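All remarks here apply to the structure that follows.
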Amino acid sequence: MHPLSDEYDESKDQNLVSEARAGSREAIESLARAHQRFIYNIALRMVRDPHDAADLTQEILLKMLANLSKFENKSSFRSWLYRMAVNHLISATRRKSETEVHSFEDWGDFLNKVYAEEEMSPEEQLARHAEIRAVRDRCMTATLLCLDRKQRIVFILGSIFNVSSTIAAEILDISPENFRKQLSRAKADLFQFMEANCGLINPRNSCRCYKKTKGFIREGKVDVLTQQFFPKVTETIHSVAGRKNEELDALMEGKYLSLFRSQQYHEEDLAKNLLMDENVKKLFQLN
């Protein structure tokens with residue numbers, strides 16, 4: 001269960017916050033661990049590159065600890081933390097991967113031209129399943145980069161991780177109605193592009209994941225992608241997404257959203273590194 005699901009028990013966070021403020025090394029690490037994975041998976045879909053996502057997650061967790069004494073229980077801790085996280089992801093310096101995908105038009109042109117003539121037999125596709133999956137996940141995150149950052153975070157929260165409009169609106173400091181409108185516009189832009197370009201969505205489209213994979217194998221890029229997109233943990237986003245709206249999704253948007261929610265839910269352990277940071281040691285008087 002992720003920290004923004006409706007069933008999340010925040011009482012554990014409240015206890016950890018109190019203990020961390022008192023200088024408990026274990027509480028500091030536990031608080032970071034409770035949120036690092038979800039923040040990392042949001043960041044990964046914001047910037048695509050795993051190393052950039054890890055850096056952004058580390059920055060957010062350090063900011064959380066640096067401001068922990070300022071948390072006044074006026075809102076839930078998770079709203080306080082994720083508002084901080086979202087603001088950081090929106091305002092942070094643009095990463096290299098964000099400059100590589102400029103627009104839906106340019107990205108669609110790339111997909112339709114690069115390795116369009118490659119072929120892979122059914123046997124090869126079965127043998128190369130992991131590599132094809134890695135390329136597909138890479139493509140999905142690149143497609144998200146066609147949205148501006150605010151649209152991107154709205155779609156990631158509302159559609160990929162299925163965060164309720166009430167919780168998402170509180171985090172983004174907007175009304176639930178405004179959040180739903182922004183989410184609707186982001187989905188319309190993404191789904192229109194996918195319908196016109198993605199072969200998984202529309203069989204009439206020429207783009208096929210295995211064709212791109214075959215070309216990337218020849219370039220020597222696939223091993224790198226596989227390492228990035230297939231960590232030890234192999235959960236999918238769908239398995240941790242919280243609220244389930246399968247019937248509605250199946251009727252309206254399921255064919256689009258299933259591609260995003262079937263992506264890997266990645267593991268990244270950053271909590272121990274936080275305790276080595278000199279500013280954290282000084283702030284909490286850790287030896």
Side-chain angles (χ1 to χ4, degrees), residues 1-18 30-47 53 56-57 59-61 63-65 67-68 70-92 144 147-188 190 235-249 252-254 256-258 260-261 263 265-266:
M1 184 188 305
H2 67 68
L4 296 184
S5 69
D6 294 334
E7 297 82 15
Y8 187 73
D9 181 6
E10 198 186 275
S11 62
K12 296 178 181 178
D13 279 348
Q14 299 285 358
N15 292 333
L16 289 173
V17 168
S18 297
S30 295
L31 192 61
R33 286 190 185 283
H35 297 277
Q36 64 176 4
R37 193 179 182 199
F38 189 52
I39 292 173
Y40 175 76
N41 276 274
I42 293 175
L44 182 59
R45 280 147 191 90
M46 283 292 289
V47 298
L56 285 164
T57 303
E59 292 166 9
I60 290 167
L61 294 175
K63 186 176 287 188
M64 173 191 76
L65 295 177
N67 290 278
L68 206 55
K70 300 177 183 178
F71 174 60
E72 299 176 346
N73 292 306
K74 292 181 179 179
S75 65
S76 66
F77 175 76
R78 69 175 180 180
S79 295
W80 176 82
L81 170 58
Y82 285 95
R83 186 178 296 124
M84 181 187 298
V86 164
N87 288 338
H88 188 81
L89 291 171
I90 291 174
S91 62
L144 286 177
L147 298 170
D148 65 41
R149 279 184 167 182
K150 289 186 177 180
Q151 280 187 307
R152 217 178 302 159
I153 196 67
V154 165
F155 183 83
I156 290 167
L157 293 177
S159 285
I160 297 180
F161 288 104
N162 216 12
V163 177
S164 72
S165 59
T166 302
I167 295 173
E170 184 178 0
I171 291 169
L172 294 166
D173 199 21
I174 57 178
S175 69
E177 293 76 17
N178 192 357
F179 175 79
R180 288 192 290 270
K181 287 179 182 178
Q182 291 188 36
L183 179 58
S184 179
R185 286 195 292 268
K187 287 193 290 189
L190 268 176
E235 280 184 293
T236 63
I237 292 173
H238 185 80
S239 68
V240 297
R243 298 181 310 124
K244 305 297 183 185
N245 291 328
E246 286 92 344
E247 291 184 9
L248 180 63
D249 289 345
M252 300 174 62
E253 302 164 345
Y256 305 102
L257 295 178
S258 64
F260 289 100
R261 292 181 186 161
Q263 289 182 294
Y265 189 62
H266 295 263

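All figures in this text were calculated on a predicted structure; none of them were measured in a lab.
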Side chains of [X] and [Y]: closer than 4.5 Å at any heavy-atom pair?
X      : Y      : result
Phe179 : Leu172 : yes
Met46  : Arg149 : yes
Asn41  : His2   : no
Gln182 : Asn178 : yes
Leu4   : Ile171 : yes

Inset, instruction - Hey, can you tell me if Phe77 and Phe71 have their rings parallel, tilted or perpendicular (30° and 60° cut-offs)? - result: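 The arrangement is perpendicular - the two ring planes meet at more than 60°.
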Inset, instruction - Take Leu183 and Leu157 through the side chain to side chain contact (heavy atoms under 4.5 Å, CB included) test and state the conclusion after the steps. - result: CA-CA 9 Å; Leu183 179 58; Leu157 293 177; over 6 Å; no
Indicate the atoms forming the closest heavy-atom contact of [X] with [Y], along with that distance.
X      : Y      : result
Ala34  : Tyr8   : CB-OH, 4.3 Å
Asp9   : Ser11  : OD1-OG, 2.7 Å
Leu89  : Ala43  : CD2-CB, 3.9 Å
Asp6   : Ser164 : OD1-OG, 3.7 Å
Arg152 : Leu147 : NH2-O, 3.0 Å

Inset, instruction - State which residues pass salt bridge (charged side-chain N to carboxylate O under 4.0 Å, His left out) with Glu59; sequence neighbours excluded, sorted by chain then number. - result: Arg95
Mark yes or no for whether [X], through its side chain, and [Y], through its backbone, hold a donor-acceptor pair below 3.5 Å.
X      : Y      : result
Thr57  : Ala53  : yes
Asn67  : Lys70  : no
Arg261 : Ser159 : yes

To the nearest 0.5 Å, tell me how far [X] [atom1] sits from [Y] [atom2].
X      : Y      : atom1 : atom2 : result
Glu10  : Leu16  : CD    : CG    : 11.0 Å
Leu81  : Arg78  : CG    : CZ    : 11.0 Å
Ile153 : Ile156 : CD1   : CD1   : 5.0 Å
Leu65  : Leu31  : CG    : CG    : 7.0 Å
Leu56  : Ile42  : CG    : CD1   : 11.5 Å
Ile60  : Met84  : CD1   : CE    : 9.5 Å

Inset, instruction - Quick one: list whatever passes ring-ring contact (aromatic ring centres under 6.0 Å, His included) with Phe260, sequence neighbours left out. - result: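 For Phe260 the ring-ring contact (aromatic ring centres under 6.0 Å, His included) partners, ignoring immediate neighbours, are Phe155.
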Inset, instruction - Have a look at His35 and tell me which of Tyr82, Trp80, Tyr40 forms a ring pair (Phe, Tyr, Trp, His ring centres under 6.0 Å) with it. - result: Tyr82
